[in-house]
Amino acid sequence: MKRRTFLQLGTMTAAASWLSGCRSANEKLIPYLTPPDEGVTPGMAVYYASSCRFCPAGCGILVRVSEGRAKKIEGNPAHPLNRGKLCARGQAVVQELYHPDRVTQPLKRSGPRGSGQFTRISWEEGLALLTEQLGKLQRERATDRLALVTPPLRGTLAELAAGFMRSFGSPRHLSYELLGPDWLRTAARRSFGQPSLPYYDIAETRYLLSFGADFVEYHLSPVQYGFAFGRMRQGRDTVRGHFTYVGGRMSLTAASADRWMAARPGSEGMLALGIARLILAESLFDAGSLTANGLRADDLLRRLEAYDLDRVAHLSGLRQDVIAEVAREFATTRPALAMAGEPVAFQTNGPDAVRAVQLLNVLVGNLNRPGGIYPDAGETTGPEDSFAELLSLVDRMLGDRISVVMVHGDPVHAVPPATGFQEALARVPFIASFSSLLDDTALQADLVLPDHAALESWGDVIPLAGTREPVIGLMQPVVTPLYDTRQFPEVLMATARGLGGTMAAAFPYQSYLEMLKSSIKKRVGPAGGGDFEVVWVDLLRQGGLFKANNGQGKSLRWAAGATLPDPGEPRFAGDEKQFPLHLQVYPSTAFLDGRGAPLPWLQQLPDPMTTVVWDSWVELNPETAVWLGISFGDLVEVTSPQGSLRLPAVIYPGIRPDTVAIPLGQGHHGGGRYAKGRGANPLALVALMGINREPQPAWNATMVRVTRISEKGELVTAGNPQGSYRSELIEI
Amino acid sequence: MEKMTSPYRWGMVVDLDRCTGCGACVVACQAENNVGICGKREIAEGRDMHWLRIERFWVGEYPNVRVRFLPVLCQHCHDAPCEPVCPVYASYHNPEGLNGQVYNRCVGTRYCGNNCPYAVRVFNFYSHEWPKPLDNQLSPDITVRPRGVMEKCTFCIQRIRRAREDAEGEGRKIRDGEVQPACAQTCPTEALVFGNLADPRSRAARLSRSPRGFRLLEHLGTHPSITYLKGGGREHV
């Protein structure tokens, strides 16, 4: 007997005798001599195709599974969106599955809300509790006192949730996400007459002009646009695409730009119109495009008269010659592409500023052509003003007109307190959460019915944007569920069955899987051929339904009667004397709006721009820091009219001296051991701003002041503040 | 010294014009290689365990400021300063040009890490924990290194081995692009290209001859296997 065989057998015998008391020794131990039934070969990994639902981008993934354990997530090379690539967040999702603090079974609150005291209950008991609450509403004929709060859902789950609420008789389904692209849909409706999200052909463009669109980090479809960016730079033999970024803070995306224009916050839309005016005045526009879009150059020029170079330079704080140079470059390089992003949209003049950027594309003829923008890509369904719905729900909750709230996701963390959401939610008598971790929302809940982890779930994932082809990604469970959890849609269906009557009749399916299959069957249509089971297995193996683009989107044009964008000057919350600095909140590269914070790989991932780990921070221009007497790593207090926070300071050369920035994502009260009590949530500082007394999601329109508290910021960076080598030494 | 007879000489090209610094490679590497999870204190002590890091440089001053990113991993030097100093031959050079580390030989003198100009060797100063059931994610292909052992990037040698076994089984050589380390596989912008530099037609070999190419700290004469390609068109700073 060889030494290795001896050790194997020895270990097996020892382990077997030790494990024999456990519920199933076979689950723990894989015999070497007789392989188990499920096709498990020791040492051989199996790959399952699935889809990532971590962010709305919806990339295709392959999960490497070895001996029944998910090991690693990779991009699915067959998926037309991400082509085998995957971002840092997507790869960390395996830690959501194996998170040590997952909720392992239903919980009922036993202490005061927020205390985290729960008793474990069975699913029967948990479902009975929820059904009882909903049944009571039905009996009282007050079904509109039920609210469902979720992130924007797509595909079969959206159908199911809508069906549930419809058959129950409540119109209060709020699909809200802080970073949802509602603003882009609204702008598209006003400019192009249809609320569809655009597709930007970055790979083929020669001049990319981004007004705050951070497509490397989070904008629409970061992996797809990252891939396209690589090709724009070095994918063509003789052409290297040029990239200019406009925005008051140098984001990770801006760091890759050739030119960074640090425009004053809120001035981006006016800058876009200034550029438009210059292009018109110098006759650099595309006459054919203007005619095709029903616009007239002389008319436009007259109406944009107010945006002369002098005024725009003054408003944006940029040099006149720089603006003129960029305008000329943009107009004379074909194809060129202008895109607008969240920092521009989340200002009081955001809705029109975004449209000003769209007008730029029309002006130089970038619509519906390679290297330009396709305004009609993908589905037109999706919330356009979920923020107003959020406020109306808050109103109802404050007026005690909501008795039961079912929440999926963590809005308590990711909705700005200025909206009054947290306060209003506290008044609701019964809250049910479906979180798989005790996050901030689950901590407030009366009942927690834990959802499966993504890698244990069935589902379909329709990418938000980033492709012109119709794509439906499929999610399949790659491991047997670890705990006594149930998938959110299964719980909805079980509740409907429990309520009986028309509710039960609305869901004639045995399981969510059955519903999913029938919905996919409809999507495949007769083209799939005979046996759907065969098609289904094929789709699962491939990772989804990827059709070639035979239909071609509509070539949308500037809508007849669309008004000319008029951003006007931005307004800010906070008196300039008391609060001299602009606050910009931005999604952290690792955590997005906070959903990544529970995962230790993402906590440990140094922020690309600051190399900070396991923390949050406030970014200050070196000049501002000197003026305020703050040095790197000091603890500072940031105060806005809305509230104040203490966090460490980072001296950040890539930000305007009149602006400070704080990343979103940290500052959780719950969310497991890795997220809890770490850093601060800047949403606490954000004030609510409105146009004509109608509140807007203007999250970047708050002014703050910063004061130094002490030198003990306890900031940890993975790299030296300047980098470990002098850059001239390594010639980059 | 043994003559290099292998048909493979593994190397990488890092295109800094494509690299956006997004950090996907860092997590990919950590996931593939059972790299320990380090807390705040450990990193504060400069004991981060990442095998691959992205250096960030600020160049210039506001408003004419630029950021440059530089992914730094083991350069797999052909004259590696880390190799001759190991008293127990834990650090060695294999015929395929990889700079290997034999974990169960390592006695933790840290001479190699001390001698590495790129600071890419990381030492297990602490025992790293994967609180249950987080340990389920550990890859069975790679050992979990205990406290007191030096570890480093291997170009995902487990993947190379598997590809070689597959290729040998079919009686052929490994094809270009057939094997990729986790970092290159996931890089959204395709900034990292891995391949056989002994094959002049491989993508990596072709790119490594680019006029934009340079080696990291080239003047030290370590002859790295990684070629960096300078970012182009930085005309505005």
Side-chain angles (χ1 to χ4, degrees), chain A residues 43 66-67 69-72 74-75 84-88 91-92 94-95 98-100 216 223 226-227 229-230 233-234 240 242 250 252 255-256 258-259 262 482 589-590 600-601 604-606 608-609 611 613-615 621-623 653-654 657 716 718-719 722-725 727 729-732, chain B residues 15-18 20-24 26-28 30-32 37-40 43-44 48 50 53-63 65-70 119 131-140 182 185-191 214 216-217 228 230-236:
Chain A
S66 192
E67 281 119 43
R69 311 280 189 277
K71 296 298 176 189
K72 187 167 186 301
E74 291 161 7
K85 312 296 176 190
L86 202 60
C87 71
Q91 300 183 75
V94 68
Q95 295 196 316
Y98 293 127
H99 198 289
V216 171
V223 178
F227 182 79
F229 179 76
R233 286 300 207 195
Q234 293 294 335
R240 175 182 182 274
H242 185 97
M250 183 186 275
L252 178 61
S256 298
D258 301 295
R259 188 201 292 267
L482 259 64
T589 310
W601 281 342
Q604 196 193 333
L605 175 69
M609 297 299 282
T611 78
V613 290
W614 295 93
D615 214 334
N621 184 286
E623 202 180 291
V716 175
Q722 275 302 318
S724 355
Y725 309 102
S727 68
L729 198 64
I730 51 166
E731 313 168 59
I732 56 169
Chain B
D15 191 339
L16 299 178
D17 202 26
R18 286 178 184 251
T20 58
C22 71
V26 180
V27 175
Q30 188 162 19
E32 173 74 21
I37 299 161
C38 302
K40 198 170 173 177
I43 300 174
D48 193 358
H50 281 146
R53 65 176 188 271
I54 299 178
E55 295 276 348
R56 183 278 341 255
F57 303 93
W58 289 107
V59 184
E61 278 178 22
Y62 179 89
V65 63
R66 281 209 56 84
V67 168
R68 279 149 197 199
F69 293 112
L70 183 75
K132 279 189 185 312
L134 212 49
D135 56 343
N136 279 333
Q137 73 184 35
L138 291 173
S139 165
Q185 182 188 34
T186 205
C187 177
T189 58
E190 297 189 304
F214 71 96
L216 201 52
L217 302 182
Y228 288 83
K230 268 186 215 190
R234 314 284 202 196
E235 59 265 51
H236 294 292

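Proteins come first, then strands; the chains are lettered A, B, ... in the order of their sequence lines, and each starts at number 1. Everything quoted here is computed from the prediction, not taken from an experiment. Every heavy atom of this structure was used, including side-chain atoms; hydrogens, water molecules and symmetry mates were not.
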Practice item. Might you work through the side-chain contact (heavy atoms from CB on, under 4.5 Å) test for B/Thr186 and A/Gln91, ending with a clear yes or no? Key: CA-CA 9 Å; B/Thr186 205; A/Gln91 300 183 75; 3.3 Å; yes

Going through the checks in order, is the salt bridge (Lys or Arg N to Asp or Glu O under 4.0 Å) test met by B/Asp17 and A/Arg240? CA-CA 10 Å; B/Asp17 202 26; A/Arg240 175 182 182 274; 2.6 Å; yes

inquiry  = Using side-chain contact (heavy atoms from CB on, under 4.5 Å), reason through B/Trp58 and A/Met250 one step at a time and then give a plain yes or no.
reply    = CA-CA 11 Å; B/Trp58 289 107; A/Met250 183 186 275; 4.0 Å; yes

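Taking the side chain as every heavy atom from C-beta outward, B/Leu138 and A/Tyr98 never approach each other to under 4.5 Å. Between B/Ile43 and A/Trp614 there is a side-chain heavy-atom pair separated by less than 4.5 Å. Using a 4.5 Å heavy-atom cutoff, the side chains of A/Leu86 and B/Pro188 are not in contact. Counting heavy atoms from C-beta outward, A/Arg69 and B/Gln137 have side chains that stay 4.5 Å or more apart. Counting heavy atoms from C-beta outward, B/Lys40 and A/Asp615 have side chains that approach closer than 4.5 Å. Annotation: side chain of B/Tyr62 is not in contact with side chain of A/Pro622 (no heavy-atom distance under 4.5 Å).
For B/Pro133 against A/Pro100, the heavy-atom pair with the smallest separation is CD-CA, 3.8 Å. Scanning both residues, B/Pro140 and A/Lys71, for their nearest heavy atoms gives CD-CE, 3.8 Å. When all heavy atoms are compared, the tightest approach of B/Val27 to A/Ala92 is CG1-N, 4.4 Å.
By number of non-hydrogen pairs under 4.5 angstrom with chain B, the leading residue of A/Ala590, A/Gly654, A/Cys87, A/Gly75 is A/Gly654. Highest contact tally toward chain B, considering only A/Met609, A/His99, A/Glu623, is held by A/Met609 [criterion: heavy-atom pairs under 4.5 Å]. Among B/Thr20, B/Asp48, B/Asp15, the residue making the largest number of heavy-atom pairs under 4.5 Å with chain A is B/Thr20. Listed options B/Leu134, B/Asp135, B/Ile37 were ranked by heavy-atom pairs under 4.5 angstrom with chain A; first place goes to B/Leu134. When each of B/Ala44, B/Ser139, B/Ala28, B/Pro63 is checked for heavy-atom pairs under 4.5 Å with chain A, B/Ala28 comes out on top. Of the listed residues (A/Leu605, A/Val613, A/Val94, A/Thr589), the one with the most heavy-atom contacts under 4.5 Å to chain B is A/Leu605.
Within the model, atoms OG of A/Ser256 and CZ of B/Arg66 stand 8.0 Å from one another, a figure rounded to the nearest 0.5 Å. Going from atom OG1 of A/Thr611 over to atom CD1 of B/Ile54 covers 11.5 Å, rounded to the nearest 0.5 Å. Here the straight-line distance linking atom CG of B/Asn136 with atom OG of A/Ser66 works out to 11.0 Å at 0.5 Å rounding. The distance from the CZ atom of B/Arg18 to the CZ atom of A/Arg233 is 11.0 Å, given to the nearest 0.5 Å.
Interface remark: A/Phe229 contributes side-chain atoms only to the contact with chain B (heavy atom separation under 4.5 Å). For B/Cys187, the part sitting under 4.5 Å from any heavy atom of chain A is the backbone (N, CA, C, O) and nothing else. The parts of A/Ala718 that come within reach of chain B are both its backbone and its side chain, each placing non-hydrogen atoms under 4.5 angstrom from that chain.
A side-chain N or O of B/Gln30 and one of A/Gln604 form a donor-acceptor pair less than 3.5 Å apart.
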